4 protein chains.
Amino acid sequence: MFEELKHKVWQANQGLFHYKLVALTWGNISGLSADRDFIVIKPSGVSYDELKPDDLVVVDWDGKKVEGHLSPSSDTPIHLEIYKAFNGLFGVAHTHSVYATMFAQANLSIPCLGTTHADHFCGDVPVTRMITEEEVNSGYEVNTGKVIVERFVKLDPLKMPAVLVVGHGAFTWGCSPQEALFNSVALENVAKMAFGAVLLRPDGIPFPDYLLRKHFLRKHGSDAYYGQKKTGDKQ
Amino acid sequence: MFEELKHKVWQANQGLFHYKLVALTWGNISGLSADRDFIVIKPSGVSYDELKPDDLVVVDWDGKKVEGHLSPSSDTPIHLEIYKAFNGLFGVAHTHSVYATMFAQANLSIPCLGTTHADHFCGDVPVTRMITEEEVNSGYEVNTGKVIVERFVKLDPLKMPAVLVVGHGAFTWGCSPQEALFNSVALENVAKMAFGAVLLRPDGIPFPDYLLRKHFLRKHGSDAYYGQKKTGDKQ
Amino acid sequence: MFEELKHKVWQANQGLFHYKLVALTWGNISGLSADRDFIVIKPSGVSYDELKPDDLVVVDWDGKKVEGHLSPSSDTPIHLEIYKAFNGLFGVAHTHSVYATMFAQANLSIPCLGTTHADHFCGDVPVTRMITEEEVNSGYEVNTGKVIVERFVKLDPLKMPAVLVVGHGAFTWGCSPQEALFNSVALENVAKMAFGAVLLRPDGIPFPDYLLRKHFLRKHGSDAYYGQKKTGDKQ
Amino acid sequence: MFEELKHKVWQANQGLFHYKLVALTWGNISGLSADRDFIVIKPSGVSYDELKPDDLVVVDWDGKKVEGHLSPSSDTPIHLEIYKAFNGLFGVAHTHSVYATMFAQANLSIPCLGTTHADHFCGDVPVTRMITEEEVNSGYEVNTGKVIVERFVKLDPLKMPAVLVVGHGAFTWGCSPQEALFNSVALENVAKMAFGAVLLRPDGIPFPDYLLRKHFLRKHGSDAYYGQKKTGDKQ
């Protein structure tokens, strides 16, 4: 079942490799079924060039495998926590893309320094607190998900479709597996731009809030005028 | 109409992707018709691998669509302001190429530190002032174009075929869509070289003006002797 | 003889090029036969696109050529020292991959700053002491091997399958030529991530030991649950 | 005439593009005929994907075109000065490769910090003095060649097959067009490694002279034992 969703999730996972966001098997994308009953996710540790649509794994909200001949990604509980807490998502992506991970390792949010950033993320991309030893021991992956959700108490996940997990990597999401992928592409690019800008200007760079909001709202929301008339999950 | 120009503009837009100057749909190139009556430009938000020559949009000097089944780039008014103010241009390119954008985000011009730069840009590549909130609210794109033009009051756009829009990205231009593209390629490369040179030598690097002028004039102007005898828009 | 092993070693050497870990002929991978009697290694100075499985060289534990029409890598004695000292290895890789070599040249270990690192290397990747002039003159390559082994007196090579040779480059290893290759891929990526994180945060970055151990043991050891059930040398 | 040499020079110029050492048309390689009577060089301003072996230009020692339907590279006089002053060369390459050019723009030699460097260049890669305004005006290209030669008064060009021209770019050479190309590949890689190492360790990094000499002599000179028995211009 879910052949179409499997194909979309497979294609988005191929995109991780195509856009050079992953080395080896370091990333995974999932998708939520239209009826919101099941999640389709990459199997654990399978390389992208060997991955076939039929290898994708279907799990329920408890993470129990419903269909598939392989084990799901060990990060599945993180994806589940994100879908549970953030309404309106149909795709979640996880990468260790190089420049985003530099910021995650440095325990720094990615500052919004330009319109490229503002086109996708409405503000600085937040970084979580460090997970505690107790949380690691009592369910590492599910607690990683909870730490992400905790970070968004005062944030709107639809306006900020990305997070850095400190000392780990990035998660992004969207209204489809493809949009989750595209937000990972955007995140890596704005991370690289911010990295260079910060090295050129270590004393800090102002970026006016009115320009941030203008660019985000030009592409998102009811008055958006960037792109063509809505055609499903095309960005 | 304008099948030939559409093809050239389409090819130049493909070049944005080929030369790795854009991620996703973050860039666009336009071309002015030989009779200077119409502008052909990339449609908004269409990815380069799906773009066909027939998707290109023809607009008049008011930005009104004259031909095409898609909406033109939301940056069209910026292109129009540039064509209006700078005589002799037949192509304009806009990118968020990574290293050029680092300088734009850092509110720094790209210093001319070598002959690679001087071969294409006769001096430091300028950065605009920040657009005001009022300008954003009263026509963001057209005012972005005006801010660019304002920056060139004392500059010759034919000797300096590039500008950084602070907190945003780069625009380049030329006597054809292809030359606009090539100037974007050159800009990204000299931005990367300058980035590294500045990190190696944060105290500043001298580059003599006589060498700058020699290299620029070796390739441009009436006494140029670089390249083969003129063959249209080939660089 | 050893056609299958030659093919595996050939494939792993091609991977050095495929994963952009080498320029020109700057790297080599070897494999140990299942009976632990012979080592198959890349010939010296042959480019990857010209290398054929039949060009691989078989040597014994004294480095004497047993089969092959070409001379073995000049680094063969280093490989041999590593196989002799570290039990359980069936593949060794040597690269001058760019970011790992930056750390080797700077005489710095690669600090463990995140889970990407901890997934592969259980702690900071160590750097050797500088080889002495006497050691260079009395058998440069064999002594380079001994300097590597010396560095592991208090380290478990199965938990730390990589080393930086100061002023030189990197060696990695594993239970197959392919795993040695994959550890070189991982090393280069974590080196790049650490490089950027260190530039963003020159004052040092903490990474908790409990998270390091959690991630390493999630992928390695008897309680590992990352990936699919063991299928030979697949990572 | 010189069909074979033209093919070799053409192939080496294609390599500039293949190894990502050039953008647009920013580089050129020449070869000297076996009888040392003629130089074959890339035509000026022709892009690599359009270049055909038959487009290569043959010039004599005065730079006069002897054969070819296009104008030779405007850098031809620089190549000629190098061939005239340095005995034993049969290939010269010129690039603006990004990391080598960063050092040239920063007016810094590329420090020898490791064996990758020492395998190809016997010491720090030197940078020239700045050309004077008078030299620019009285024959820019020929004087650039003379400035390079002047820098080698106390250096052996066969042990140091590369130079940085301050504020400009790099020249490399060798016993064939291919070796000149390979030295450009090596130069760009060691420049990138040095760039990163210097950022990680701005206070300076020691590299012992005995290891430098060991590595250079392992690959070059009468006692070299790296690679296979000599087979012409294969590295």
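Values in this document were obtained by computation on a predicted structure and should not be read as measured data. Naming convention: chains lettered A, B, ... in sequence-line order (proteins, then strands); numbering from 1 in each chain.
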Taking every non-hydrogen atom, the tightest pair across D/Gly227 and C/Ser44: N-OG, 2.6 Å
Selection from C/Val165, C/Asn107, C/Thr132 maximising heavy-atom pairs under 4.5 Å formed with chain D: C/Thr132
From D/Tyr225 atom OH to C/Glu141 atom CD, the distance as rounded to the nearest 0.5 Å: 3.5 Å
Heavy-atom pair of closest approach, residues C/Met130 and D/Pro208: CE-CD, 3.4 Å
D/Asp209 CG to C/Glu133 CD distance, which is reported to the nearest 0.5 Å: 8.5 Å
Contacting moiety of D/Ala118, where chain C heavy atoms sit under 4.5 Å: neither
Closest non-hydrogen atom pair between D/Ile205 and C/Ala106, with its separation: CD1-CA, 3.9 Å
Atom pair CD (C/Glu134) and OH (D/Tyr210), whose distance is rounded to the nearest 0.5 Å: 10.5 Å
Members of residues 188-203 of chain C whose heavy atoms come closer than 4.5 Å to chain D: C/Phe195, C/Val198, C/Leu199
Contacts with chain C made by residues 84-102 of chain D (heavy-atom distance under 4.5 Å), listed by residue number: none
Rounded distance (nearest 0.5 Å) linking atom NE2 of C/His168 with atom OG1 of D/Thr116: 7.0 Å
Atom CG of D/Asp49: over 12 foreign heavy atoms under 6.0 Å: yes
Residue part contacting chain C, namely of D/His215, when any heavy atom lies under 4.5 Å: side chain
C/Trp26 and D/His120 aromatic ring geometry - parallel, tilted or perpendicular at 30°/60° bounds: tilted
Sequence-distant partners of C/His18, side chain to side chain contact (heavy atoms under 4.5 Å, CB included), two or more places apart: none
Note, D/Arg218 side chain near C/Tyr140 side chain (heavy atom, < 4.5 Å): yes
Neighbour count above 12 (heavy atom, 6.0 Å) for D/Phe152 CZ: yes
Exercise: identify the closest heavy-atom pair between C/Ala23 and D/Val185: CB-CG1, 4.2 Å
Residues of residues 66-76 of chain C contacting chain D, heavy-atom criterion under 4.5 Å, by residue number: C/Leu70, C/Ser71, C/Ser74, C/Asp75
